[in-house]
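The sequence lines fix the lettering, A, B, ..., with proteins before strands; numbering per chain opens at 1. As the structure is a computational prediction, the values presented were derived from the model and not from experiment.
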There are 2 protein chains.
Amino acid sequence: MKNLQHPPKEDISLFGILYALSEPVRFSIVEQLADGEELTCGAFKLPASKGKSTMTHHFKVLRDSGLIYTRVEGREHYTSLRREDINDRFPQFLDALLKAYGTTAKNHHSRAFSSKSF
Amino acid sequence: MKNLQHPPKEDISLFGILYALSEPVRFSIVEQLADGEELTCGAFKLPASKGKSTMTHHFKVLRDSGLIYTRVEGREHYTSLRREDINDRFPQFLDALLKAYGTTAKNHHSRAFSSKSF
DNA sequence: CGATTAGTTCTATGTCTATAGTACAATGGC
DNA sequence: GCCATTGTACTATAGACATAGAACTAATCG
């Protein structure tokens, strides 16, 4: 039984977000969702070295922090960024963060991670 | 022998910063430095419940992440925010973060933490 | 000098976390 | 119906982290 819960907007904590994003793989997931696209887990560019259950864990941390929304359709899970909710609670923060990272680390990890379905 | 090292600006990592700030006590330290003031450890408003060595640990995490600079004068340690270095590497990020938090959590922890020298 | 103050260093401990292996469930294609 | 696909759930484990007690250092004060 899938148990995908999302915290209500009011419960989103800045500390939870900071923690969730302090892990490079998780940050990369959020970054790849930044353009508003919805992606299935397999569509992410992620380190091939990580196992399935590890990635499930990372998605759960992101979900619990309120950063992402997961929608089940068929056997696939579509993940998107809860940008509006985050912006509502912490105006400008997410944009500034993604922009700040973009200016220093552009292309770094998109090359480091190979595309592998898990 | 005091061993207070600061990473050069180029080595400051966004992930390190995010991690360091994901802990409420550490976030509070940075917030109290936001106005540019230099504070001794005892001058911070922090939870009275924390021991001396715990706080030393938190200051070290912040120092290692590149967020704060510690200057020794006499028997006191003056701590300040490395705002310019952070801004250079991650433009707008720190300001957006502090502002984002300020809009939602103003006064929350400044009351929760009592002033206690440690 | 002796005592106090400010803060570090060392060591220990319980808890949390990233990782992964295996089993499981639900869907879709043949 | 059978099998591959797409993940989750459960369980385990090694390492990291927050917390703190105790000893220690360096500086200041009386």
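Not a single ring pair (Phe, Tyr, Trp, His ring centres under 6.0 Å) links B:Tyr19 to another residue, sequence neighbours left out.
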Identify each atom pair where a protein N or O and an N or O of nucleotides 2-5 of chain D are less than 3.5 Å apart, giving names and distance.
{"from": "D:dT5", "atom 1": "O4'", "to": "A:Arg75", "atom 2": "NH1", "distance (Å)": "3.3"}
{"from": "D:dT5", "atom 1": "O2", "to": "A:Arg75", "atom 2": "NH1", "distance (Å)": "3.1"}

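Contact of B:Thr54 with D:dA18 (side chain to base): no donor-acceptor pair of N or O atoms is detected under 3.5 Å.
The separation between A:Glu23 atom CD and D:dC17 atom C1' is 15 Å, rounded to whole Å. Atom P of nucleotide C:dT8 and atom NZ of B:Lys50 are separated by 17 Å, given to the nearest angstrom. Note: NZ (A:Lys60) to C1' (D:dT8) measures 11 Å, nearest angstrom. The distance from atom CG of B:Leu39 to atom P of C:dG7 is 11 Å, rounded to the nearest whole Å. Whole-Å rounding puts the B:Phe15 CZ to D:dC17 C1' distance at 20 Å. C:dT27 atom P lies 14 Å from atom OH of A:Tyr78, rounded to whole Å. Between the P atom of C:dT8 and the NE2 atom of B:His58 lies a distance of 13 Å, rounded to the nearest Å. Atom CE of B:Met55 and atom C1' of D:dA20 are 13 Å apart (whole Å).
Following chains of ILVMFWY side-chain contacts shorter than 4.5 Å, one can reach A:Leu14 starting from B:Phe15, so the two form part of one hydrophobic cluster. Hydrophobic clustering of Ile, Leu, Val, Met, Phe, Trp and Tyr side chains at less than 4.5 Å, counting indirect connections, unites A:Leu39 with A:Val30.
The side chain to side chain contact (heavy atoms under 4.5 Å, CB included) with A:Arg82 is formed by just one residue from the set A:Ile12, A:Leu94, A:Asn87; it is A:Ile12.
The A:Val61 side chain lies nearest to C:dA18 when the options are C:dG7, D:dT19, C:dA18. Here D:dG7 is the nucleotide among C:dT19, C:dT9, D:dG7 with the atom lying nearest to any side-chain atom of A:Lys52. Closest to the side chain of B:Tyr19, from the set D:dC17, C:dA6, C:dA18, is D:dC17. Picking from D:dT19, D:dA20, C:dT17 the nucleotide with the shortest atom distance to the side chain of B:Ser53 gives D:dA20.
Taking the six-membered ring for Trp and the full ring otherwise, A:Phe27 and A:Tyr101 have centroids separated by under 6.0 Å.
Along DNA chain C, the nucleotide nearest A:Arg26 and the nucleotide nearest A:Gly74 are compared for position; the residue whose nucleotide lies closer to the 5' end is A:Arg26. When each of A:His57 and A:Glu73 is assigned the nucleotide of DNA chain C bearing its nearest heavy atom, the one mapping closer to the 5' terminus is A:His57.
B:Met55 has its side chain within reach of B:Val25: a pair of non-hydrogen atoms, C-beta onward, lies under 4.5 Å apart.
Heavy-atom neighbours of B:Gln92 CD from other residues, nucleotides or ligands within 6.0 Å: at or below the threshold of 12.
Residue contacts shown for B:His77 are limited to sugar-phosphate atoms, with no base heavy atom under 4.0 Å away.
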